[in-house]
Amino acid sequence: MTHNQTSAIVESPARWIRSRNRWTIFEILFWIATLAPLYFFPAYLNLASQVAITALFALSVDLVLGYAGIITLGHAMFFGLGAFTAGILSSRYGWGEPISGLLLGGMVAALAGYVTSFLIVRVQHLALIMVTLGLGLLTFELANSLRWLTGGTDGLTGISTWKIFGYFRFDLWGYTSYAYSLAVLFLGFLICRLVVSSSFGLALRGIRENVQRMPAIGSDYKWHLRKVYTISAAIAGIAGALLTQTTNTVTLEVLSFQRSADVVVMLILGGTGRLYGAIIGAVIFLVAKDQLAGINPQYWFLWIGILLMAVVLFMPKGILGGLSRLIRRED
Amino acid sequence: MINNIVIVLFDGFAFGMLLFVLSVGLTVTLGLMNFINLAHGAFGMVGGYVTVMLMRQYGVPFLLTLPLAFLGAALVSVVLERIFFRRLYRSGELNQVLFTIGLVFVAAAGATYFFGTGQQPIVLPSWLRGSVELFGIRFGVYRMFLIAVSLAITAVLFFTLERTRFGAKIRASVDNQKVAQALGLNVERIFAITFALGSGLAGLGGALAVEIVGLDPSFGFHFLVYVLIVVSVGGLGSIAGSFLGAALLGIGDVAGKYLVPELGSFLIYLLLVAILLVKPTGLLGKR
Amino acid sequence: QETVKVGLILPYSGPFADAAKQLEAGVTLYIQKHGDEVAGKKIELIRKDTGGPNADVARRLAQELVVRDQVDILAGFALTPEAVGVAEIATEAKKLTVLMNAATSSIIDLSPYMVRTSVTIPQVNYALGKWAVEEAGVKQAYTLVSDYGPGHDAESSFAKGFTEAGGTILGADRTPVANPDFSAYVQRVKDSNPEAVYIFVPGGAQPAAIGKALADRGLSPPDTKIFAQGELTHPEALESMGETARGVITTFHYTLERDDPLNKEFVDGYHAANNGRSPDLFSIGGYDGMHLIYEALKKTNGDASGDALIEAAKGMSWDSPRGPMSIDPETRDVVQTVYIREVQEVDGKLQNVVIHEIPEVKDPLHGAAK
Amino acid sequence: MVLSTQSLCKKFGSLEVARDISINLPAGARYALIGPNGAGKTTFINLVTGQLKPDSGRILLDGQDITRTGTADRVRKGLTRTFQINRLFPELTPLESVTLAVCEREGVSANFWRGLSAHRDAIEEGFAILSRLGLADVATRPTRQLAYGQQRLVEIALALATKPKVLLLDEPAAGVPKDESAMLFKVVANLPEDIAVLFIEHDMEIVFSFATQVIVLVGGAVLLQAGPDEVKEDPRVREVYLGSAHV
Amino acid sequence: MSETLLELKDVRSGYHEAVVLDRISVSIAAGGSLAVLGRNGVGKTTFLLTIMGIVRPMRGTITFKGTEVSRLTPDRRALLGIGWVPQEREVFKSLSVEENLTVAARPGRWDLDAIYALFPRLKERRRNMGDQLSGGEQQMLAIARTLMTNPSLLLLDEPLEGLAPIIVEELTAAIRRMAQDEGLTLVLVEQHADVALKLTDRAIILERGLVAHEAPSADLLADRKTLDRYVGLKLDAPAANAG
Ligand SMILES: Nc1ncnc2c1ncn2[C@@H]1O[C@H](COP(=O)(O)OP(=O)(O)OP(=O)(O)O)[C@@H](O)[C@H]1O
Ligand SMILES: Nc1ncnc2c1ncn2[C@@H]1O[C@H](COP(=O)(O)OP(=O)(O)OP(=O)(O)O)[C@@H](O)[C@H]1O
Ligand SMILES: [Mg+2]
Ligand SMILES: [Mg+2]
């Protein structure tokens, strides 16, 4: 700790805290860079939308995992609920308006999140992981057995999403999809950023660091957990609805264990508890997968496996953690 | 009627024992060592391929391949432990998750490369096949064999891990590596041995399971969910708990499917969630 | 020289990797045999991995194939959701889309550019249901199917054929898709003591498992007849089941051991190219799919536009290793011979022996809808 | 009485760790709780604050029965404790930790739509508490990196941040050097007059110079409650607890 | 006093880049005892951790019984005869009291009987798990656990913290006995400087990472001025009763 830093704190601790939450030049550049695919890589726009959607999903998981310390292997449950809500709305009720579909998807997922959060807060550690996993798999099986509603393993057919604001049509190249997904991702990110830099975000970190201490400082931490779980479920649901709307398809896979596990892998890969880790993780994982699978569709996961192992060995705090350490060392 | 009850209980118990052999290795690595070893299934796969290849290519008898499956998986794990895992003991559960998932990917690719994507059937010796009739009920011979093996494994592990100083040394090392080491315990060696034991058991479980669940390169992922369920329901670190949990899940699952088949695919998850909500540390777990 | 690009969308990784591998082996065998040039164009394959039944991924891959790689034809589709995801793209981009496996009947209606060279589940199972009553003289049966789309289709089409012919279904149970233990269900079957049991499970490890479970309970032919779709007695499953498989009756559109020079050539070629591995339903779907693409291109003189190709494909008929087959000009679906086979010992080895052939079977659901 | 317990009983298996404990703390109390190791002192605090459920007996805070109230609610009603073995937030800085406690007290911690820095008062109050305990210099380092003695002080700071009416301190000075423990007790002494303090301490110099009343707990039961001088002279206390050193 | 048992030469150590201790050169004769004093956070614990090998020195050498141990792992050092009692007790939670005692025990003067005689409380609680003990009981267990390894050099980090006065009395008597009669060598970190100085024959005072003062304990005990300056021993009566 340098001397003038100390005196800055003494002068105004609040200002010191605020300075830690200011937008940095890196962040601004990062978001500008997200526009690049629109101009430079139009052939990759469909991939880019899928990355943006997955990144939003990963953000929602970072809220509960990275900040509140709830390791979940069942978050696809909320993603899938959002996806199915939007899909059913369009294919069964003929309502394909995107924005309202997103919101409804988010609301349904949030409701499910709120209800299950009462179970989640009762358990910890392995039991917690397993309860999230169990609930996720139960939802999957439920969707499978409600074939009349969900289309079962074949998936829902006949989804069509209307133009955004009645104007932007979803094109084959994916310009609209990407712009739409990116905008929603950015909004979701702003919400997450606000949440984690608020006093509520601090309480979440307190829970992650030492749950047992929380009641002793007068904290109704279970209520905090239920709340963040609900917020996170809503965001995951929105991400799911976004996937439905940009692809006009929903299959059971949106609810699968694989999806839950993949998103956690991406999040850890990027680095937990720092929001951007979720985005970077999704980008690296999906782009690497796309490129490697392009080279060899049968063995790409060998290289992904090696990537994951290498990251753990050389960047134990995820890619972003590793990068930020490098940067800090340089200046 | 009574016959049906007996046979359903027997089948359920046998199914439970299948789950037990698949997961007992994880009870050691995850339960005792606190190492989130999602590559458990990959070690099981090693054991499975050892058995299949020895039987097919060299005509080694099935029973003899079992200890070799144990050794094969244990050997692979010792090498990996020395190079990789030991660095991960302290680095947090998320890194362990990521690393071991990466390892499963690599293992699956390796298996695809060497053995192809197809199923690898084995042909058991005739004395282990078919069923025998006792009191007018037909019991599957292989199922009885599984039950016997599981009881033996449980007994051996229970006495070596829960009743000897070695068990206490493992727990001490896991509790607090720093202090255990400062007291003169060779934590590295303890961990290496324990890890090899856990992986060896995984290999043995894989070899025993091939007959029932088959073997292909996705084996490593396939039963991950099941084994995690058994370990968490049994309670971390308790061999007896795993045994009990597996038996309970097996019987519950088979009996449930028999009585309410519509709930077939929900049962095991319902049991999981219900048990953990009532007893978050599992049936016999302390942590 | 101009090329015709074919985008092959398959689950190369994950639990269905074997299906993708077998299907692709069929495709490459065809190209190997017939050269990679047709109607003056060079055929180029671009392979894409969906990782499993992921409609959204399949859709994105199709989009990319169309906009990035500019393919002319979409093909592959081991799993129904993959085809579902791609349908809209096929229509919008006007690309011939060859379903080389996806076996749910209705998906072919999703796009006018789709054509199927595999099989539909109702096609083989409806026929089996009828045959079971009419020819095998079975009066009542119990059905046991995997609890997912194809299983449900199999259950209903078998039951339809069976009951229409005058049989009764005693009971119907559905087993979880990833079910490692069948004992409870098998016990239920035994409790109702049916004359026959009908089984549908996905390929892989389950056929052997369920076969052994039935035998352990004493449910085996000839006392209890066992009917199933062909996957149940694929070669690896037969090896693992051993004696207990004897007498099992299955229905399929392709039989490995079918005595026919075309088939023999196909099987031998396949063995040679794949380390002795035998072809299966995926391989034949891929092989015939490629045949359809080649023939259509010949007809259009190398015009690879979707409209031209789909017109050329409609009504096409040919002799395949599986037997005579054609494409229904109205539904674009496959019309072919359905084989009823029984597991018998031939030269000391158990194999599927054809005991009955039903020629020119159409998908009954499409027929019924009209 | 701000806090009183009525015949609290608790058993761990066959071990009776609380036997009929009835204690009254008036406002402004500066009481010490002493007794041999394993006498049940920490257990008593656990019972009073709700970490453990009593087998029987009642706990009253400001005359209100709180026996069934949850721990967090008791803290919000003004009943706070510290822990004998640190329970801190290792990766948070002391400033964040204490600010968190202040936010919880003010009920703004559930507020997720305003940045933390908007709660300026809470942050400044947190910092003031740390400054009083001599932790200003390390306020922005991760708690994990502080020396043990400093961590002990963070433990106290967290408790103070809840603005307690009753403060239960479990060996607050253990591991803190003499001069700093003196400062610590000065801070506690200077708390508003109406705050009742009960502290456990094995350092008799501190006990006898700071406590107005001393409660001696032996084998789960109250042996004696009296002024420091009387306790010092009591032969029973000497025999089981003080030994010869303090003759 | 006989030959040197432990010697630190020009040792620098700390955490990552942060240097906590520097230029530390100290030696202790077999059977000798050393008090380590200093303010909160000067690095007393780090000093012990460096000897034990939990913190690796960045520079300098540590020799124990004539062999250089600077690069050895803690378990190797423990087997050579160094025993350490951690400041935060760190008893094994998932082991019973008795298992805690026996898990790393090595034969010698201290066995279960001897320990139970010194701490009867532990005998009563021997079936309890490590996390079902009172703070003081944990402290006793931490000391006893290390004694069970029968070390020839004992590193004690504030061992009297949290113990009842009567236990402190018994324990200090026991430590004195061990040092004087059995030739056990001792390094003692203690807040109660007076107690520490009475128990040891030499003392060092750490300040800003360096050894600021070194003297025979008896001399230092008399030298209140030095003590005040470095350790802040003066306990001005807190204004408690005023409150
Ligand atoms: N893991 C760590 N990482 C970084 N710095 C540390 C770490 N542990 C201790 N320190 C720092 O090293 C310095 C010395 O700490 P140490 O624990 O040795 O002090 P101490 O003299 O034992 O203090 P106390 O009397 O409070 O026990 C302190 O400033 C502390 O903040
Ligand atoms: N969970 C538990 N199960 C069984 N016994 C327990 C448990 N927790 C504490 N004990 C026992 O209860 C007794 C009282 O413990 P407590 O922590 O209240 O003592 P204390 O008076 O605070 O002692 P100290 O001064 O050493 O901190 C101890 O003997 C301890 O071993
Ligand atoms: Mg206590
Ligand atoms: Mg210290």
Side-chain angles (χ1 to χ4, degrees), chain B residues 27-35 81-82 86-87 89-91 158-194 231 234-242 280-282 284-287, chain E residues 45 48-56 69 72-108 110 129-132 138 141-155 157:
Chain B
T27 300
V28 174
T29 45
L30 171 64
L32 281 178
M33 293 177 66
N34 256 355
F35 185 83
E81 205 267 349
R82 291 286 82 187
R86 51 188 292 193
R87 308 202 204 175
Y89 293 137
R90 264 187 258 202
S91 71
F158 188 76
F159 285 106
T160 51
L161 294 182
E162 297 191 10
R163 288 284 176 273
T164 62
R165 225 165 88 173
F166 186 69
K169 283 184 181 177
I170 300 174
R171 277 177 286 144
S173 306
V174 172
D175 252 11
N176 194 328
Q177 252 190 75
K178 180 181 73 182
V179 175
Q181 212 177 8
L183 286 171
L185 298 184
N186 191 336
V187 172
E188 291 202 355
R189 195 167 65 207
I190 292 171
F191 278 177
I193 294 174
T194 317
V231 173
L236 278 182
S238 167
I239 302 290
S242 267
T281 52
L284 294 185
K286 294 179 193 86
R287 276 175 284 140
Chain E
T45 297
L48 298 189
L49 292 180
T50 310
I51 298 174
M52 196 64 234
I54 294 166
V55 170
R56 294 289 174 94
V69 296
L72 296 188
T73 52
D75 53 318
R76 300 286 304 284
R77 299 191 202 195
L79 295 182
L80 283 174
I82 308 183
W84 165 65
V85 179
Q87 181 169 12
E88 293 172 57
R89 292 116 190 202
E90 311 194 51
V91 300
F92 299 121
K93 296 190 290 294
S94 53
L95 269 59
S96 68
V97 168
E98 198 149 300
E99 282 174 324
N100 261 288
L101 291 172
T102 54
V103 70
R106 286 188 292 277
W110 290 102
M129 298 307 274
D131 57 357
Q132 298 173 335
Q138 290 186 18
L141 181 57
I143 298 168
R145 181 179 60 181
T146 305
L147 288 178
M148 287 288 283
T149 68
N150 287 293
S152 44
L153 170 67
L154 186 58
L155 312 174
D157 200 345

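The sequence lines fix the lettering, A, B, ..., with proteins before strands; numbering per chain opens at 1.
Among E88(E), E90(E), M52(E), the one residue that satisfies the side-chain contact (heavy atoms from CB on, under 4.5 Å) test with V179(B) is E90(E).
Other residues, nucleotides and ligands contribute more than 12 heavy atoms inside 6.0 Å of the CZ atom of R165(B). Atom CZ of R76(E) has 12 or fewer neighbouring heavy atoms from other residues, nucleotides or ligands inside a 6.0 Å radius.
Rounding to the nearest 0.5 Å gives a distance of 4.5 Å between CG of D75(E) and CD of Q181(B). Considering CD1 of I54(E) and CD of Q177(B), their distance stands at 11.0 Å, rounded to 0.5 Å. Note that the CG atom of L183(B) and the OG1 atom of T146(E) stand 5.5 Å from one another [nearest 0.5 Å].
For T73(E), the part lying under 4.5 angstrom from a heavy atom of chain B is the side chain only. With a threshold of 4.5 angstrom between heavy atoms, R145(E) approaches chain B through its backbone and through its side chain.
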### Task
Decide salt bridge (Lys or Arg N to Asp or Glu O under 4.0 Å) for E99(E) and R171(B); before the verdict, give the C-alpha distance in whole Å, the side-chain angles of both, and the deciding distance to 0.1 Å.
CA-CA 10 Å; E99(E) 282 174 324; R171(B) 277 177 286 144; 3.1 Å; yes

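Formation of a donor-acceptor pair under 3.5 Å by the D175(B) side chain with backbone atoms of S94(E) is found in this model. In terms of modelled atom types and a separation under 3.5 Å, the side chain of N176(B) and the main chain of F92(E) share no donor-acceptor contact.
Per-residue counts of heavy-atom pairs under 4.5 Å with chain B were compared for I82(E), V103(E), L79(E); the largest is that of V103(E).
Scanning both residues, A78(E) and A182(B), for their nearest heavy atoms gives CB-O, 3.3 Å.
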